[in-house]
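First comes the structure, then the notes that go with it.
Scope of the values below: all heavy atoms of this structure, side chains included, with no hydrogens, waters or symmetry mates.
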Amino acid sequence: MRTLLPSHTPATVTTAARRRHIIHCAGKRSDSFSIGSSISDWQSSCAILSSKVVSQEQSDSLISAVNNNGAGISDLNLVPFNNSKSIQSKKPLSISDLSPAPMHGSNLRVAYQGVPGAYSEAAAGKAYPNCQAIPCDQFEVAFQAVELWIADRAVLPVENSLGGSIHRNYDLLLRHRLHIVGEVQLPVHHCLMALPGVRKEYLTRVISHPQGLAQCEHTLTKLGLNVAREAVDDTAGAAEFIAANNIRDTAAIASARAAEIYGLEILEDGIQDDASNVTRFVMLAREPIIPRTDRPFKTSIVFAHEKGTCVLFKVLSAFAFRNISLTKIESRPNHNVPIRLVDEANVGTAKHFEYMFYIDFEASMAEPRAQNALAEVQEFTSFLRVLGSYPMDMTSWSPSSSSSSSSTFSL
């Protein structure tokens, strides 16, 4: 979905309007959200997209008038309609103005779920160095930010080496029409943190994301902490909550950067149960990238069949016959047809659960073997969709390191 700017929307925003916002849902409707506190703030943020059209001097006065509800049309200093010379000197808005194709990692607006200091923000920085990270309060809002041209990319976790798949994001991949254009694998380095001066023996509660709590469960027990464990929306959000409310009997599990941002003291460093704790993130964009064969590529697909899961063996055979390695198979309930009824003699009506299957395989869609494999898969399935064909993350990482170097594997 592309958002077109209204004729009265300013083309640039002031410095105050450029400050970072966390994008929130504004109600129960999944397709509604706002930036800041009013529609004018939302329009101002959207106006960043056309920053080359009107000069900074004009836009400052325009935004001031738009944000003041009592301002009249005469105060907007608009170009007179009958002044053909002035009109011709202004370039009309176009798709290229709204969302130019930026070079890799430069001037990209990347949406992620969480608050500053979250691991998703670190993944965005690793994939797109020097990008403008846009925090969102929910995964679905990150999808919407890209669809509405507020962000150029979204970075979302899909699986962890200890906690497994993030099912919510697999469902959102199918619900929305964004394309996977890259991946990044980020080592997760958890720290136990609290307000300065707080000692471990005085703690009564530890809060973090459910995955963070699960990944540090055994270490917390070894530390002898007899504390309640409470789940919150994200790891960095737990640190922010403690700092904002000055809670001295509670610790958070989050990254070292979160402790630095929110002024917390690290009580224990590297408390994850397994040093090889890695989260895989995918990068999403409005348009797919062109597959190539000069570097390792991965392709992600989702499929289903109206007659159930009996075709799974045939689908897997299509890849095995062509020596294509699969890196992941994930099944999710088919929300459109969750149960299939089958009449059987002398037994009655049998109920079969219906699933969608997600598969990642190591091949580019530019390779004939991948194209032939999907052509065969299409014969066996009633639904097939390519989520993306994108470069694999081939960067090396150290399990003991909490920092990640920049890379160039996503587009």
Side-chain angles (χ1 to χ4, degrees), residues 110-114 118-128 133 135-147 151 153-188 209-212 214-215 233-236 255 272 274 276-286 288-289 296-304 325-335 355-363 365 385-395 397 404 407 409-411:
V110 182
Y112 69 93
Q113 187 274 330
Y119 291 107
S120 292
E121 184 193 39
K126 182 180 179 183
Y128 301 106
C136 305
D137 67 339
Q138 297 178 26
F139 287 126
E140 187 159 13
V141 178
F143 279 83
Q144 294 173 344
V146 178
E147 291 174 331
R153 302 284 189 274
V155 174
L156 296 165
V158 290
E159 59 180 323
N160 177 266
S161 57
L162 300 181
S165 300
I166 292 86
H167 295 139
R168 172 63 174 165
N169 286 338
Y170 276 97
D171 294 339
L172 290 174
L173 283 173
L174 185 61
R175 181 181 303 175
H176 295 266
R177 300 298 298 181
L178 299 182
H179 304 269
I180 302 177
V181 296
E183 67 170 9
V184 58
Q185 297 181 5
L186 185 75
V188 177
H209 187 273
Q211 290 270 358
Q215 294 164 14
D233 289 340
D234 59 271
T235 54
S255 66
Q272 60 274 7
D274 192 326
S276 300
N277 184 7
V278 180
T279 297
R280 175 176 170 249
F281 296 80
V282 294
M283 271 56 71
L284 304 174
R286 289 180 292 273
I289 62 173
F297 260 62
K298 181 183 291 185
T299 300
S300 299
I301 65 172
V302 57
F303 66 89
S325 298
L326 305 185
T327 59
K328 183 176 180 61
I329 303 178
E330 179 76 24
S331 63
R332 295 292 299 149
N334 188 336
H335 295 293
Y355 293 93
M356 308 289 292
F357 291 95
Y358 295 80
I359 286 183
D360 295 341
F361 59 88
E362 294 182 350
M365 282 303 298
R385 176 178 160 192
V386 177
L387 298 173
S389 188
Y390 48 91
M392 295 175 58
D393 179 6
M394 304 299 291
T395 57
W397 55 273
S404 302
S407 55
F409 43 78
S410 55
L411 301 175

Requested in this report: Would you sort out whether Leu186 and Phe281 count as a side chain to side chain contact (heavy atoms under 4.5 Å, CB included), showing the intermediate values?
Outcome: CA-CA 8 Å; Leu186 185 75; Phe281 296 80; 3.9 Å; yes
Would you say the side-chain atoms of [X] pair up with the backbone N or O of [Y], donor to acceptor, closer than 3.5 Å?
X	Y	result
Asp234	Gly114	no
Tyr170	Tyr358	no
Ser120	Pro157	no
Ser389	Met365	yes
Ser300	Gly388	no
His209	Gln211	yes
Asn160	Val278	yes
Arg153	Ala111	no

For [X] against [Y], the heavy-atom pair lying closest together:
X	Y	answer
Ala142	Leu156	CB-CD2, 4.1 Å
Asp137	Gln113	O-NE2, 3.7 Å
Tyr390	Val181	CB-C, 3.4 Å
Leu172	Glu140	CD1-N, 3.8 Å
Phe139	Ile166	CE1-CG2, 4.5 Å
Met283	Val155	SD-CG2, 3.7 Å

Point-to-point distance, once rounded to the nearest 0.5 Å, from [atom1] of [X] to [atom2] of [Y]:
X	Y	atom1	atom2	result
Glu183	Asp393	CD	CG	5.5 Å
Ser325	Glu362	OG	CD	5.0 Å
Arg168	Arg332	CZ	CZ	10.0 Å

Report task. Check step by step if side chain to side chain contact (heavy atoms under 4.5 Å, CB included) holds for Val386 and Phe303. Result -> CA-CA 9 Å; Val386 177; Phe303 66 89; over 6 Å; no
**Report entry** Enclosure of Arg385 CZ (heavy-atom neighbours >12, cutoff 6.0 Å)
**Finding:** yes
Report task. Could you check Thr279 against Tyr119 for side chain to side chain contact (heavy atoms under 4.5 Å, CB included), going step by step and ending with a plain yes or no? Result -> CA-CA 9 Å; Thr279 297; Tyr119 291 107; over 6 Å; no
Report summary line: Sorted by chain and number, sequence neighbours left out, salt bridge (charged side-chain N to carboxylate O under 4.0 Å, His left out) with Glu159 holds for Arg280, Lys328
Report task. Would you sort out whether Val302 and Phe357 count as a side chain to side chain contact (heavy atoms under 4.5 Å, CB included), showing the intermediate values? Result -> CA-CA 5 Å; Val302 57; Phe357 291 95; over 6 Å; no
Check whether any side-chain heavy atom of [X] sits under 4.5 Å from a side-chain heavy atom of [Y], and report yes or no.
X	Y	answer
Arg177	Arg286	no
Leu173	Leu284	yes
Phe361	Thr327	no
Leu326	Ile359	yes
Glu121	Pro135	no

**Report entry** With Ala118 via side-chain contact (heavy atoms from CB on, under 4.5 Å) - residues at least two apart
**Finding:** Tyr112, Ala236
Query - Side-chain H-bond candidate by donor/acceptor type, Gln215 with Asn277, under 3.5 Å - result: yes
